[in-house]
Amino acid sequence: MNNQRRTVLKSGSGAALLGMLAAAGIITPGIALADWNKAAFDAKSMADTLKALGAGQPADSKDVQVTGPDIAENGAVVPVGVASSLPNVSMVAILIEKNPNALAASFVLPEGTEANVQTRVKMGQTSNIYALVKSGDKFFMATKEIKVTLGGCGG
Amino acid sequence: MGNPMKIRAANKDGVTEVKVLVSHEMETGQRKDSAGAIVPAWFITELVAKHGDKTVLNCEFGPSVSKNPYLAFKFKGGAKGEKVIVSWKDNKGDSRTDEAAIG
């Protein structure tokens, strides 16, 4: 992987820059989706993902809840929910530490939408699931370990 | 275009709960077929839910969201008969929009 290209993609969140790169043929328009945070979804480790999301070092918070089974029999379909009682929650993200790419999904919540989302994710193996919540300008996190008896990524 | 989404929206005490079941393969790009060739990634990248003209949820998905993604969320407001519109877009440029009335 070309390191310089990585850096450019990370720093170039502006649409203008992406357009420029597309015009230069560095990235094809088909791949460069306007809003999708490629850097965050491509990041492999937890730390890189948090960095790409601009979260830095989120503080653990009791006001963030991750819900899910303690043991998931089928890693292909693991129900996960995130809820928070923090005020002004504008973003929620679900991260799975041991998946090939940590970030599973991120949600932008406009005003009026409650900090309470549920979805289903795939898990390759037993892992900690992190719920990242942005409240005001600060990031908070909560974690839960889910044991997987049958992996969901191939196999 | 993909198959239609199943959308349920119900208002209770001024809060509308929306449940969406999308029909999509959500291929991770990590799996191999029987010949050993990697099955290319094919997954929903963005999903937007609107209540009338107002966006109520904006999601970005990675390939590790399950096949046929399920999503549930709540927003304040909404009345019986008003529309909730959900659209998604995948990494191949395909997209689909469906709507449902709040019940």
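Protein chains get the first letters and strands the later ones, always in sequence-line order, with residue 1 at the start of each.
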Interatomic spacing from CD in A/Gln118 to CZ in B/Phe73 - rounded to 0.5 Å:
11.5 Å
Can you tell which part of B/Lys19 gets under 4.5 Å to a heavy atom of chain A, answering side chain, backbone, both or neither?
neither
Ignoring hydrogens, what is the shortest heavy-atom contact between B/Ser66 and A/Ala76? Give both atom names and the distance.
OG-O, 2.7 Å
Where do B/Val65 and A/Thr119 land on the side-chain contact (heavy atoms from CB on, under 4.5 Å) test, with the steps shown first?
CA-CA 8 Å; B/Val65 171; A/Thr119 186; 4.3 Å; yes
Smallest separation among heavy atoms of A/Phe107 and B/Cys59, with atom names
CD2-SG, 3.4 Å
Return the option, out of B/Gly62, B/Pro63, B/Gly77, B/Pro69, with the maximum number of heavy-atom pairs under 4.5 Å with chain A.
B/Gly62
Is the count of non-hydrogen atoms from other residues, nucleotides or ligands lying under 6.0 Å from A/Lys138 atom NZ greater than 12?
no
Heavy-atom pair of closest approach, residues A/Asn99 and B/Ser64
ND2-CB, 3.5 Å
Does A/Leu109 reach the side chain of B/Leu57, with side-chain heavy atoms less than 4.5 Å apart?
yes
Are there over 12 heavy-atom neighbours, none belonging to A/Lys144, within less than 6.0 Å of that residue's NZ?
yes
Are A/Met123 and A/Met46 in one and the same hydrophobic cluster, where Ile, Leu, Val, Met, Phe, Trp and Tyr link if side-chain heavy atoms are under 4.5 Å apart?
yes
Counting neighbours of CG on A/Asp137 that are heavy atoms of other residues, nucleotides or ligands and sit closer than 6.0 Å, is the number greater than 12?
no
Of the backbone (N, CA, C, O) and the side chain (C-beta and beyond), which part of B/Val48 lies under 4.5 Å from a heavy atom of chain A, both, or neither?
neither
I need the B/Thr55 OG1 to A/Glu111 CD distance, nearest 0.5 Å.
13.5 Å
Would a hydrophobic clustering, with Ile, Leu, Val, Met, Phe, Trp and Tyr connected at side-chain separations under 4.5 Å, put A/Leu86 with A/Leu95?
yes
Is B/Ile44 close to chain A through its backbone or its side chain, or both, or neither, when contacts mean heavy atoms under 4.5 Å?
neither
Beyond-backbone contact of B/Thr28 with A/Lys122, side-chain heavy atoms, under 4.5 angstrom:
yes
Any chance you could measure B/Asn58, atom CG, to A/Ser90, atom OG, to the nearest 0.5 Å?
12.0 Å
Correct closest heavy-atom pair for A/Pro110 and B/Val56 would be CD-O, 3.2 Å
How long is the gap from CE on A/Met91 to CD on B/Glu60, to the nearest 0.5 Å?
9.5 Å
Would you check, one step at a time, whether the test side-chain contact (heavy atoms from CB on, under 4.5 Å) holds for A/Arg120 with B/Leu21?
CA-CA 10 Å; A/Arg120 295 176 189 150; B/Leu21 193 60; 4.0 Å; yes
What's the shortest heavy-atom distance between A/Thr113 and B/Lys74, and which atoms?
CG2-O, 3.4 Å
Heavy-atom contact with chain B under 4.5 Å, split by part of A/Val80
neither
Minimum heavy-atom separation for A/Pro100 and B/Gln30, please, with both atom names.
CB-NE2, 3.3 Å
What class does the angle between the rings of B/Phe43 and A/Trp36 fall in, given that below 30° is parallel, 30 to 60° is tilted and above 60° is perpendicular?
tilted
With heavy-atom distances below 4.5 Å as the criterion, would you say the side chains of A/Glu114 and B/Phe75 are in contact?
no
